[in-house]
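Start at 1 with the first residue, then count along the sequence.
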Amino acid sequence: MTTAQAQEAWPTKPIRLVVPFPPGGGTDLVARALGQKLGERLKQPVVIDNRPGASTIIGTDAVAKAAPDGYTLLLSGSTSFTVNPALRAKLPYEPMRDLAPIAIVARTPLVLVVAQNAPWKTVDQLVAAAKAKPQGIRYATFGTGSGPHLAGELFALAAGIKLQDIPYKGSAQSTLAAISGEIDIDIDTVATVAPHIQAGKLRALGIVGASRSSLLPDVKTLAEQKLPDATFDAWYGFAAPAKTPAPVVERLARELTAVMADPALQAQLKAQGMEPAAIGAAAFRSQMESEIARYRALAHRAGIAME
């Protein structure tokens, strides 16, 4: 069989989809929902392989070093593709060189919230308070370089304020801290905090992403509130090892586009606070380039350094 014939026959065996997070999180939910639909279209099982650890580096590196035959794929958030390469001086992989972007399939908007009894009802009021008390306003992160950390730093730079970042182990802790007033600001996914907003325990001041959330349609983006430079997009992308045959990558892109057009899948993702997307390889690569440059500049200005 020729190489061309082998590519044309692909896939002839199960496909491994590496998720560099534990089971049960947002990335894992997206992987399982899409993996099932993608497997149906390819007529081969898509097996989820959770490889958590080292801020997604373990799983991402496993894909970067896998055989480029179309049978090992990556589904990860922007941490793997743009945040880590922007903030870390040493990585075992280089995403622009070692990965072949296929498609961005969903976005997961972040929202800036405060306790329901907090004195600030608008972003302007919060900014005014922060200007009056530099570093007196505390916001939750999941550690240096995490999504909430970068989002908070972008918000602070855009608004011309200084905030105090407080690290927590995860959403469960930071959400409770926000509700109790232990911290002043929480920046987390819409899916995580929407139930608490709807229950009257938290107040949403602004969507941090580029567009509003279907779960919180009345909450304006920070860009709509005259802070466009505060926009921070969290998203999920499919990639393959670099040098994966172009016909295989193109086939995957076509099938993912078809999968993402499924109304039932779209509804499933929206119910989880995610916004379905279908952004192709060229635009995906362009977004990687622009975000890496933007986050490197942010890290320099904010003094964010990671090993």
Side-chain angles (χ1 to χ4, degrees), residues 10-50 59 63 70-78 80-81 101-111 147 171 188-199 204 207-219 221 233-240 248-284 287:
W10 178 92
T12 59
K13 62 182 182 180
I15 295 165
R16 183 168 62 113
L17 180 57
V18 175
V19 176
F21 292 93
T27 312
D28 186 64
L29 289 171
V30 174
R32 292 179 191 280
L34 270 66
Q36 180 182 348
K37 298 285 187 182
L38 183 62
E40 290 170 3
R41 294 191 64 87
L42 294 174
K43 296 182 173 53
Q44 288 291 343
V46 174
V47 180
I48 308 301
D49 182 3
N50 295 98
V63 176
Y71 292 101
T72 302
L73 305 175
L74 172 72
L75 176 64
S76 188
S78 42
S80 291
F81 299 106
I102 300 169
I104 293 174
V105 293
R107 300 185 184 279
T108 178
L110 301 180
V111 59
S171 294
D188 209 331
T189 63
V190 168
T192 297
V193 298
H196 303 288
I197 295 168
Q198 291 153 359
I207 298 294
V208 181
S211 56
R212 295 194 191 191
S213 164
S214 56
L215 275 187
L216 300 171
D218 296 331
V219 180
T221 66
D233 251 342
W235 43 267
Y236 301 107
F238 262 87
V248 171
V249 173
E250 290 162 6
R251 171 88 186 278
L252 280 164
R254 287 196 306 272
E255 301 296 359
L256 283 170
T257 298
V259 165
M260 293 310 300
D262 183 332
L265 179 63
Q266 291 185 1
Q268 183 180 351
L269 292 177
K270 286 182 178 180
Q272 299 291 334
M274 301 171 197
E275 303 300 325
I279 298 170
F284 185 172
Q287 184 157 335

Quick one: are Val46 and Gln36 in side-chain contact, heavy atoms under 4.5 Å? no
For the residue pair Leu215 and Ala194, what are the closest heavy atoms and their distance? CD1-CB, 4.4 Å
Who passes side-chain hydrogen bond (donor to acceptor under 3.5 Å, both in side chains) against Ser213, sequence neighbours left out? none
Hey, mind stepping through Val208 and Val111 against side chain to side chain contact (heavy atoms under 4.5 Å, CB included) and telling me if it holds? CA-CA 5 Å; Val208 181; Val111 59; 5.8 Å; no
Is a side-chain donor or acceptor of Arg107 paired with a backbone partner of Ala234 at a separation under 3.5 angstrom? no
With the side chain counted from C-beta on, respond yes when Arg212 and Pro217 share a heavy-atom pair under 4.5 Å apart, and no when they do not. no
Test salt bridge (Lys or Arg N to Asp or Glu O under 4.0 Å) applied to Glu275 - qualifying residues, sequence neighbours left out: none
Whether Tyr71 side chain and Trp10 backbone form a donor-acceptor pair below 3.5 Å: no
Any idea which heavy atoms bring Pro14 and Val47 closest together, and the distance? CB-CG2, 4.3 Å
Below 4.5 Å, heavy atoms only, C-beta onward: do Leu216 and Ile197 meet side chain to side chain? yes
Between OG1 on residue Thr72 and CD1 on residue Ile15, distance to nearest 0.5 Å: 9.5 Å
Looking only at heavy atoms, what is the nearest atom pair of Ala33 and Leu265, with distance? CB-CD1, 3.7 Å
So, taking the atom named OG in Ser211 and the one named CG in Asp233, what distance separates them when rounded to the nearest 0.5 Å? 7.0 Å
Taking Ser80 for its side chain and Ser76 for its backbone only, find out whether a donor-acceptor pair lies under 3.5 Å. no
What one should report as the nearest heavy-atom pair of Phe284 and Ile102 is CD1-N, 3.8 Å
Just so I know, are the side chains of Ser171 and Asp188 near enough to count as touching, which here means a heavy-atom distance under 4.5 Å? yes
If the test is side chain to side chain contact (heavy atoms under 4.5 Å, CB included), which one of Leu34, Leu252, Val249 qualifies with Phe238? Leu34
From CA spacing to verdict: side chain to side chain contact (heavy atoms under 4.5 Å, CB included), Tyr236, Thr27: CA-CA 7 Å; Tyr236 301 107; Thr27 312; 3.2 Å; yes
Can you find a pair of side-chain heavy atoms, one from Ile207 and one from Leu110, that are under 4.5 Å apart? no
Please work out which of the three classes, parallel, tilted or perpendicular, describes the rings of Trp235 and Phe81, given edges at 30° and 60°. parallel
Can you give me the closest heavy-atom contact between Leu256 and Val105, atom names plus distance? CD2-CG1, 4.5 Å
Minimum side-chain heavy-atom gap Val30-Leu75 below 4.5 Å: yes
In short, Arg251 meets Pro11 closest at the heavy-atom pair NH1-CD, 4.1 Å
Worked check of side chain to side chain contact (heavy atoms under 4.5 Å, CB included) between Met274 and Val190: CA-CA 8 Å; Met274 301 171 197; Val190 168; over 6 Å; no
Approximate separation, where rounding is to 0.5 Å, of Gln272 CD and Thr108 OG1: 10.0 Å
Using the salt bridge (charged side-chain N to carboxylate O under 4.0 Å, His left out) rule, collect all pairs that involve residues 10-39, keeping only residues at least two apart or in two chains. Arg16-Asp49, Asp28-Arg32, Lys37-Asp262
